[in-house]
Structures are given as structure tokens and as C-alpha cells.
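Just so you know, these numbers come straight off a predicted model, no measurement behind them. Letters A, B, ... are given to chains in the order of the sequence lines, protein chains preceding strands, and every chain is numbered from 1.
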Amino acid sequence: MAATLRIATYNVNGITSRLPHLLRWLEATRPDIVALQELKASDEAFPLEAIQDAGYGALWHGQRAWNGVALLGRGTTPVQSRRGLPGDPADTQSRYLEAAVHGVLVGALYLPNGNPRPGPKFDYKLAWMRRLAAHARGLVGLPHPVALIGDFNVIPEDIDVYDPNAWRRDALIQPEVRAAYAQLLEQGWTDTLRALFEDAPVYTFWDHFRQHAERDRGLRIDHLLLNPVLSAAVEAAGVDQWMRLEEKASDHAPTWVEIAVEHAIP
DNA sequence: ATGTCCCGAGAATCGGGA
């Protein structure tokens, strides 16, 4: 029996503040696999019980006040394959978690913002992108489904921002950042939203300034990169933009892809 | 150049980050 697998990524900007939003969204859209970013909470503060009550198993890598990523599986607990991005043992920031969920190997990531630029934070971002590319190279050609999803903090092209000029000094749009992202895609990853929307704008983030959400002045920085095995089965993709217009919303909206699978998800 | 929201500190606002 044919069925679909829904994979989503959502930067919650604080799991404690956003738990009600997360639970409403899980119930409304019932994704099978979810990557969360910016938990901004220690491991001890992760709201496992509420998430389990919603029908999800969870794996998380928290950090007090900043960063923090998690993977949720509907009706299953993700099986961890990696915690932390390889390539720098001194890196203590919680930004990468990798696990098998519903038959997909999922790398869930929160790529460094990189501002202010220039400076050590921008250097860290570029170094992190090099480490990601080195790791991703070993994943893209695997004979099973692989996804790299999360908040990449990269505006890939001018179509991905409401006004490129307004962001020209920002780390998210710099030529070397865009080049690093393009090189990652060249390994064989498909940028799913861009592939499906073709030359139509689609945004995943709207900052808190000047009513940008209400005016749809956004950026596309949350990405779903699929390896060839997985991208061959894509049926649909989109952004749950209504979530950005909720009271006390995160500045990001959940972004998702639906995959055709042979059998119903248990 | 502007502006807003989250977190932690620690007691009321403020700094850091985005």
C-alpha cells in the first residue's frame, strides 16, 4: 500500500517558550520525522514527557541558553548514529545530531549564524561549513535514504530574500557562504524547496522587526537536502507559514517534504 | 539606520545572540 512520509524541520527559538506551538503543530500536521533547532535549553530541561504524550520519541542534544538540536520520530525513538559534527574536538556547541528514523538517515543541523562579520563568529561559520561538507560527502552516495535538514543560516540565492540589498552586509548572504552551500549541493544533494518551487520565491524565516511576517518579507534559510535515493521519491514540499503568524511565534516556520514510500508508516 | 524576541542573571532591567 502506498503511503507518504513527512519530514520536517523547525527552528523553535526556545523549546520552553515554544512547546505549546510545537504540540499544536505536531497534532495538526502529524509529521513522521522532525528536526528541531535552537532548543536554548539544557538536556535536563527537554520536555520529553509532553512530546511523548503527543506520540513522538525523541533524541536531543541540548545546551543551556543557546543552540541545541533534537530529532523526533512519530511512534518511534530515533536511533542515534552521531552526536556533534566531526572535525573539531574543541567544538562544544550543540549543533548536529544524526539518527536513523523511519528508515531514513537524518542529519539534523543548526549551522552557525556567523554575525557579526568579519570576526571569529564568521570564521567559525565557514569552518563549520567545511566540516559539514567533509562529513556530507560520505553520506550522499549511500544506497539508502539520507537527509540533511535544519536551519542552515544561508540565503542560497537572491530569490531567497525579499530584498538582497537590505541583507548585503549580513553573514547569511556573503559570497563565500553561498559558494560553500553551492559546493555542498554539488556533491549530489537536492535542495528540495528550490527544486519544487522552481523560480518562485518561498520563505522560511521572517525576523521580528517591522512586521516582516505580516508583510511576507522573509528569507529562505531552513533547508531540506536529500540524497538521490530520497529525492527520487519526493511528492510535495512546503512551509507551514501560518505557524509564523501565531501569537508568540518563533521567527522560523516549519518546513517539510513528503516522500512516497512503499508501505504504510507503522 | 531602524527595530523585536529569546535566554540567563537575579530581583529590575540589561547584555548577548539572532
Residues forming a side-chain hydrogen bond (donor to acceptor under 3.5 Å, both in side chains) with H21(A), sequence neighbours excluded: none
Those residues that, when tested against S42(A), pass side-chain hydrogen bond (donor to acceptor under 3.5 Å, both in side chains) (two or more places apart): E44(A)
Can you tell me the distance, in whole Å, between the [atom1] atom of [X] and the [atom2] atom of [N]?
X       : N       : atom1 : atom2 : answer
W66(A)  : dG15(B) : CH2   : P     : 15 Å
D170(A) : dA1(B)  : CG    : P     : 14 Å
R169(A) : dT2(B)  : CZ    : P     : 14 Å
I173(A) : dA18(B) : CD1   : P     : 18 Å
Q211(A) : dT2(B)  : CD    : C1'   : 14 Å
Q37(A)  : dC7(B)  : CD    : P     : 16 Å
D151(A) : dG17(B) : CG    : P     : 17 Å
L19(A)  : dC7(B)  : CG    : P     : 12 Å

Set of salt bridge (charged side-chain N to carboxylate O under 4.0 Å, His left out) partners for [X], sequence neighbours left out:
X       : value
D191(A) : R220(A)
R194(A) : D160(A)
D91(A)  : R131(A)

Spacing of the [atom1] atoms in [M] and [N] (rounded, Å):
N       : M       : atom1 : value
dT13(B) : dA1(B)  : P     : 30 Å
dG15(B) : dG10(B) : C1'   : 14 Å
dG8(B)  : dG3(B)  : C1'   : 23 Å

Between the protein and nucleotides 9-14 of chain B, list every N/O to N/O distance that falls short of 3.5 Å.
unit_1	atom_1	unit_2	atom_2	d
dA9(B)	OP1	R64(A)	NH2	2.1

Residue pairs, two or more places apart or on separate chains, that pass ring-ring contact (aromatic ring centres under 6.0 Å, His included) and touch [range]:
range                       : result
residues 71-100 of chain A  : Y96(A)-H135(A)
residues 42-71 of chain A   : F46(A)-W60(A)
residues 231-260 of chain A : F205(A)-H252(A)

Short side-chain to backbone donor-acceptor contact, E258(A) and R6(A), under 3.5 Å: no
Within 6.0 angstrom of R210(A) CZ, more than 12 heavy atoms from elsewhere: yes
With A35(A) via side-chain contact (heavy atoms from CB on, under 4.5 Å) - residues at least two apart: T9(A), Q37(A), L71(A), A108(A), I149(A)
Protein-nucleic acid N or O pairs under 3.5 Å, nucleotides 3-6 of chain B:
unit_1	atom_1	unit_2	atom_2	d
dG3(B)	N2	R210(A)	NH1	2.7
dG3(B)	N2	R210(A)	NH2	2.5
dG3(B)	N3	R210(A)	NH1	2.7
dT4(B)	O4'	H208(A)	O	3.0
dC6(B)	OP1	R18(A)	NH1	3.4
dC6(B)	O3'	S17(A)	OG	3.4

Pairwise 5' ranking along DNA chain B for H252(A) and Q63(A), keeping only the more 5' one: Q63(A)
Positions of residues 113-120 of chain A (non-hydrogen atom under 4.0 Å from DNA chain B), listed by number: N113(A), N115(A)
Residue from N11(A), L172(A), N113(A), V154(A) passing side chain to side chain contact (heavy atoms under 4.5 Å, CB included) with I221(A): L172(A)
